[in-house]
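Working notes, structure below.
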Amino acid sequence: MRFILLQLVVTACWAAWAARANGPVPSTHGQVVSAHPLASQAGLQILQAGGNAIDAAVATGLALAVVHPAAGNLGGGGFMVLALKDGRATTLDFRETAPAAARAGMYLGADGQLVPSSNHEGFRAVGIPGTIAGFDLALRRYGVKSWSEVTQPAVRLAREGIPLTPALAQEFAQLQADWRRNPAAAAIFLKPDGSTFAAGELWRQPDLARTLTRLQNKGRDGFYRGPVARALAAAMKDHGGLITTRDLATYAAIERAPLRGNYRGWEILSMPPPSSGGTALIEMLNILERHDLSALGHNSAPYLHLLTETMRRAFADRARFLGDPEANPSLSATVARLTSKEHAARLDRTIRPDAAAVSDPIRLNEAYESPETTHYSVIDAAGNAVVVTYTLENSYGARVVPDGLGFLLNNEMGDFNPQPGRTDATGLIGTSPNLIRPGRRMLSSMSPTIVRRDGQPVLLVGSPGGRTIINTVLQVILNTVDFRMDLSTAVAAPRLHHQWLPDELVLESLTAGQPVPWPRVELERLGHRVRLGGAQGRVMAIQRLPGQEGYLGAADPRDPDAAAAGY
Ligand code: GLY
């Protein structure tokens with residue numbers, strides 16, 4: 001009885017929290033949901049000026065590079081999934097690649113062991129940035145606006161400055177030791193006298209405004225050729241990095257067919273490799289479709305057990321099989337198998353309702369992936385839907401800035417398996433599909449996803465969070481489809497994560513500042529190793545209710561700065 005009462009109180013708090021913090025924001029014509037209100041406004045401004053969702057997505061991404069520097073970026077990479085008004089669907093892959101001089105053992109010391117953190121630190125950890133090539137491909141193939149137009153909001157935000165939110169001011173101050181190691185970064189994130197910014201102070205970025213102006217005038221070539229490319233390559237040379245002007249000039253974003261799944265009649269469109277997101281998501285949905293989830297009850301012990309066992313199996317497949325499709329020629333056949341209903345049936349038969357399985361560390365383990373990434377969703381009046389997840393890998397990436405360019409570089413090389421052949425319980429993985437090779441894309445978990453019903457986009461969803469991204473997106477879809485929650489409640493609901501190894505079930509400890517009443521004792525009785533963790537993901541989602549006009553946008557209440565904007 002006490003448990004039920006606590007659950008009722010927490011559920012009421014959680015619904016109020018969802019509604020208070022970030023929505024739902026209704027709109028009839030278009031909607032943008034992102035990690036910062038000024039970035040959502042930038043996208044909205046382009047929609048209102050006659051741009052489509054693709055133009056608005058590019059403008060939002062550029063604005064996030066100004067106002068959300070932890071993950072918004074020019075110096076990183078990501079993925080875009082598009083569902084167009086005419087029914088076509090596609091994806092753009094602008095994941096970073098390894099420079100030509102990169103080698104499989106480049107982060108190993110003389111003793112043949114990984115030099116701790118070397119694959120995540122400084123200029124040697126930087127992959128060739130893909131964001132601007134991806135945005136360029138999006139604009140050329142699907143946009144109606146020019147580079148000159150979509151850059152306008154970002155140039156203005158960088159040049160005129162923005163008032164720092166408390167969260168941003170706090171992050172800049174927390175990282176001051178990193179900034180002091182790189183004067184070009186210190187020039188951005190600290191004041192000229194070396195002190196830290198306070199919340200509410202105006203924060204201007206003149207170097208970034210200059211770089212954005214080059215994009216405004218020259219588009220893609222303003223980044224991959226000319227002064228920006230030369231300054232980036234020079235910084236690499238000065239600081240032991242590998243990227244050359246040739247690496248930059250030859251970088252290409254790739255258009256790929258989306259991964260498609262069908263979940264109880266809802267069409268799932270998500271990202272294929274080099275993301276593991278779409279594959280694992282569809283594999284899990286296929287297993288769960290074989291069960292009546294609503295009859296089990298949301299976040300009941302039997303539901304959480306089934307979800308955990310499903311995650312365990314999909315993440316084992318992820319670690320074993322997935323990497324860059326260009327470097328793994330049989331991967332498309334493997335992905336087709338992993339996302340088939342037959343594979344789901346086989347895996348489902350191995351799930352015992354009365355006991356947790358044991359993840360086998362003798363087989364495989366996998367590399368660290370940072371939770372710091374950002375997702376945004378955009379829809380326009382014509383019904384074009386665009387979801388983008390892009391990243392610098394760690395929060396603020398490699399925490400280095402090339403002199404005079406004003407933007408941070410990624411440390412995405414850390415998403416490769418660093419030590420060939422060495423797979424162990426500490427978290428190292430050395431399997432071949434995701435080893436470093438020149439030109440190869442590192443495996444990702446980013447899962448921008450669009451759900452369609454009768455050909456119409458009805459849910460746009462994605463999140464940051466490293467490997468937790470896939471499970472976060474999964475749970476928002478289940479909350480919406482199986483448990484029929486309204487969008488804000490579906491986004492705010494407490495989440496869990498299991499990733500095969502380490503063999504632990506991580507439950508969000510708090511929701512709306514209250515302890516979540518998880519059925520922990522029952523889960524432990526089934527054999528799960530349970531750990532309470534912090535907030536999981538920050539979802540930016542848009543919903544269209546079937547048969548109704550207009551959209552609802554919901555920004556995750558876990559992110560104090562996030563906001564939806566619609567008109
Ligand atoms: N760097 C995070 C990811 O790609 O999943």
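The analysis underlying the following values was restricted to heavy atoms, covering all of them including side chains, and did not include hydrogens, waters or symmetry mates. Just so we're clear, the structure is a prediction, and the values are computed from it rather than from any experiment. Whatever order the structure lists them in is the order used to number ligands and atoms, beginning at 1.
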Practice task
Look at ligand 1 and say whether Met442 reaches it with a heavy atom at a distance under 4.0 Å.
Solution key: no
Practice task
Answer with yes or no whether the side chains of Tyr396 and Glu171 bring together a donor and an acceptor at under 3.5 Å.
Solution key: yes
Practice task
Run the numbers for me: atoms of ligand 1, each under 4.0 Å from some heavy atom of Glu393, listed by number.
Solution key: 1 (N), 2 (C)
Fill in the blank from the handout: For Pro274 and Asp93, the nearest pair of non-hydrogen atoms, with its separation, is CD-OD2, 3.1 Å
Handout entry: No-hydrogen, no-angle side-chain donor-acceptor test under 3.5 Å, Thr468 and Gln536
Key = no
Exercise for the section: Using non-hydrogen atoms of the residue, decide whether Arg467 is closer than 4.0 angstrom to ligand 1. Expected result: no
Handout entry: Arg246 atom CZ, neighbour heavy-atom count above 12 within 6.0 Å
Key = no
Practice task
Flag Arg95 as yes when one of its N or O atoms lies below 3.5 Å from any N or O atom of ligand 1, and as no otherwise.
Solution key: yes
